[in-house]
2 protein chains.
Amino acid sequence: MTVATTTENWIDNFEGLGKLPAELKDELVAGSKIVEMPAGAQVFAPGQSADNLLLLLKGTVRVQQKSETGREVFLYRVHAGDSCVLTTACMLAFEDYAADGIAETDIRAVAIPRRTFDDLVARSPIFRSFVFKAYSRRLTDLFTLIDDIVFQRMDVRLAARLLELADDKGVVHATHQVLGNELGTAREVISRTLAEFQRRGWVELARGEVRLTGRSGLERLARASTAA
Amino acid sequence: MTVATTTENWIDNFEGLGKLPAELKDELVAGSKIVEMPAGAQVFAPGQSADNLLLLLKGTVRVQQKSETGREVFLYRVHAGDSCVLTTACMLAFEDYAADGIAETDIRAVAIPRRTFDDLVARSPIFRSFVFKAYSRRLTDLFTLIDDIVFQRMDVRLAARLLELADDKGVVHATHQVLGNELGTAREVISRTLAEFQRRGWVELARGEVRLTGRSGLERLARASTAA
DNA sequence: CCGAGTTCTGTGACCTAGTCACGGAAGTCG
DNA sequence: CGACTTCCGTGACTAGGTCACAGAACTCGG
């Protein structure tokens, strides 16, 4: 649903677009529209050719790969202020890929239609730079993800992820299964690792949630990675 | 070293560029140059800001991530006819990433300087599409790599890789260590798995090489993935 | 050709993580 | 309250990664 009153200055939410000349900003605003989707909505999917580049204003989108075996790997998360460049891959109808995007919360996003996108890429070096940086960022994110998967221990990765996902009260709302999907591992591994964390007094467990009680311990463990 | 006599029609080696209007083809050829590098050369590296987009004419480039722990993960391989889009990330000086590119063989490539690249992206929808497709392809390659790492058994992955790397005589020239790097695993795992393959009569082992003697067995195992 | 040094491979012991099978606890809803 | 579903815990087993070490195979200077 278009929300007319907020259309004017969403551009400033995106680092890199603020420096666009006023004339192109106007064109961008005029040539795109704001869309909203409820939590759980499929933002994009293989086969479904998207006709818009999405810039996320509010909420998060989870991008995951659906494997042949039916299981899912979490790839990355698009936050407010990020652009979802994978939709450009859809736009270009580029070969078959198996990633899909799910709205984790209610989301609001700017949808830039292919025509406007193409026009701006052609005319504005600033916009080009914005798009290429978004792509590069995804690539480097995936590089570090691969590095983590291959070399990092599960407990370290879980500790880091818990700290990321905790709300302001220090509670993570997620089942062990969900955490397993995030990290590309099995539920049992999460259960066992969390049990160990609990034994150390770092967390308290309840159905569907993990309360962080000893952040410092988790942080020390998580730093075992980045420090080395 | 520029090789003047072959400059004219390298464009046809790149699917997607053939349809450029003649005028832009001329500009592309005029505005770029052909470079050669010996095997083992560092094609690009973090920190070193590249000023060219490379289109590979001959040879292969191995792109790998150097982890903090000193070990390396193989990310993907750039073949003749591919473009090395990661250099555009260097071009834009985008944040720190830890991937570097090594020439595996003597290579010859077209180097498109930033100025020409930018100009062509602005002016030609065909060139834009070429660049975006190259990016998307890398993204999807990484998606499937992650999927493989997480869900695929080592023996299946090794069988597939051996078939890929074999020369026309059915021999793979690589140490177990190198194969381990390719697949992001330990040398010992490769040694053990190869020993098992040998026991089954699929390969013969010698220092620094693996001779494939029972391709059909390897192929059957490798298909265990793609089939499912 | 010899011998020292290096690189590559094989192997056993051990640990982490993923898989399978199951049971029980905690919510949901008629 | 009882049937059902979802979530969690656990033991047994396998695959794969780590460590330590030994021997085989090449290299190269003399």
Side-chain angles (χ1 to χ4, degrees), chain A residues 40 67-74 146-162 165 171-200 203-211 221 224-225 228, chain B residues 40 67-74 146-162 165 171-200 203-211 221 224-225 228:
Chain A
S67 128
E68 313 92 11
T69 62
R71 293 189 303 179
E72 296 166 354
V73 209
F74 170 90
I146 291 173
D147 199 74
D148 270 14
I149 292 175
V150 174
F151 293 124
Q152 199 60 263
R153 292 175 47 91
M154 247 358 279
D155 51 0
V156 174
R157 297 181 60 208
L158 179 56
R161 192 58 62 105
L162 288 175
L165 294 178
V171 178
V172 178
H173 298 275
T175 68
H176 297 184
Q177 182 61 62
V178 166
L179 292 171
N181 288 142
E182 289 257 336
L183 298 176
T185 185
R187 178 192 60 79
E188 295 92 321
V189 175
I190 300 290
S191 293
R192 281 196 274 261
T193 310
L194 283 176
E196 174 63 19
F197 287 176
Q198 185 173 37
R199 206 187 56 72
R200 297 189 201 171
V203 301
E204 282 171 12
L205 301 178
R207 187 186 174 91
E209 66 178 39
V210 181
R211 274 186 304 282
L221 180 57
S225 67
Chain B
S67 128
E68 312 93 9
T69 63
R71 294 189 302 178
E72 296 165 353
V73 210
F74 171 89
I146 290 173
D147 198 76
D148 270 14
I149 292 175
V150 174
F151 294 123
Q152 199 60 264
R153 291 175 48 92
M154 254 344 289
D155 52 0
V156 173
R157 296 182 60 210
L158 179 57
R161 192 57 63 104
L162 288 175
L165 295 177
V171 179
V172 177
H173 299 273
T175 68
H176 297 184
Q177 182 62 63
V178 166
L179 292 171
N181 288 141
E182 290 255 336
L183 298 176
T185 185
R187 179 193 60 79
E188 294 92 321
V189 176
I190 300 290
S191 293
R192 281 196 274 260
T193 310
L194 283 176
E196 173 64 18
F197 287 177
Q198 186 173 36
R199 207 187 55 72
R200 296 189 201 172
V203 300
E204 282 170 13
L205 302 178
R207 188 187 172 93
E209 64 176 43
V210 182
R211 274 187 304 282
L221 180 56
S225 67

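Both backbone and side-chain heavy atoms feed into the values below; hydrogens, waters and symmetry mates do not. Sequence lines set the chain letters: A, B, ... in the order given, protein chains first and strands last, and positions in each chain run from 1.
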B:Val210 side chain near B:Leu165 side chain, heavy-atom distance below 4.5 Å
no
CG of B:Asn181 versus P of D:dG17: gap in Å, rounded?
13 Å
Output for pair (B:Glu204 CD, B:Leu194 CG), nearest 0.5 Å, gives 12.5 Å
How many angstroms lie between atom CG of B:Leu162 and atom CZ of B:Phe197, to the nearest 0.5 angstrom?
6.5 Å
What is the distance, rounded to the nearest whole Å, between atom NE2 of A:His173 and atom C1' of D:dC7?
16 Å
Qualifying residues under side-chain hydrogen bond (donor to acceptor under 3.5 Å, both in side chains), relative to A:Gln177, sequence neighbours excluded:
none
At under 4.0 Å between heavy atoms, which parts of nucleotides 9-14 of chain D does protein reach? Answer with one letter per nucleotide, 5' to 3': B base, S sugar-phosphate only, - none.
BBBB--
Among residues at least two apart in sequence or on other chains, which ones pass side-chain hydrogen bond (donor to acceptor under 3.5 Å, both in side chains) with B:Gln198?
none
Report the residues that fulfil side-chain hydrogen bond (donor to acceptor under 3.5 Å, both in side chains) with B:Arg153, sequence neighbours left out, ordered by chain and then residue number.
B:Asp155
What N/O pairs connect the protein and nucleotides 3-6 of chain D at under 3.5 Å? Give each pair on its own line.
from: D:dT6; atom 1: O2; to: A:Arg207; atom 2: NH1; distance (Å): 3.4
from: D:dT6; atom 1: O2; to: A:Arg207; atom 2: NH2; distance (Å): 2.7

Please set out all donor-acceptor pairs under 3.5 angstrom arising from side-chain atoms of residues 182-193 of chain A, sequence neighbours excluded.
from: A:Glu182; atom 1: OE1; to: A:Arg161; atom 2: NH1; distance (Å): 2.5
from: A:Glu182; atom 1: OE2; to: A:Arg77; atom 2: NH2; distance (Å): 2.4
from: A:Ser191; atom 1: OG; to: A:His176; atom 2: ND1; distance (Å): 2.9
from: A:Ser191; atom 1: OG; to: A:Arg187; atom 2: O; distance (Å): 3.3
from: A:Thr193; atom 1: OG1; to: A:Val189; atom 2: O; distance (Å): 2.7

Would you mind reading off the bend of the helix from C:dC1-D:dG30 to C:dG30-D:dC1 from its two end axes, five pairs each, to 10 degrees?
30°
Between B:Leu205 and B:Ala195 the two heavy atoms that sit nearest each other are CD1-N, 4.4 Å
Rounded to the nearest 0.5 Å, how far apart are CZ of A:Arg157 and CD of A:Gln152?
8.0 Å
Residue set satisfying side chain to side chain contact (heavy atoms under 4.5 Å, CB included) with B:Ala174, at least two apart, ordered chain then number -> B:Val172, B:Val178, B:Leu179
Give the first and the last nucleotide of DNA chain C, reading 5' to 3', that has any atom under 4.0 Å from a heavy atom of chain B.
C:dT7 to C:dA13
So, using side chain to side chain contact (heavy atoms under 4.5 Å, CB included) as the criterion, who are the partners of A:Val150 when residues are at least two apart?
A:Ile146, B:Val73, B:Ile149
Non-neighbouring partners of B:Glu196 that pass side chain to side chain contact (heavy atoms under 4.5 Å, CB included), sequence neighbours left out
B:Arg199, B:Arg200
To the nearest 0.5 angstrom, please state how far the CD atom of B:Glu209 sits from the OG1 atom of B:Thr175.
12.0 Å
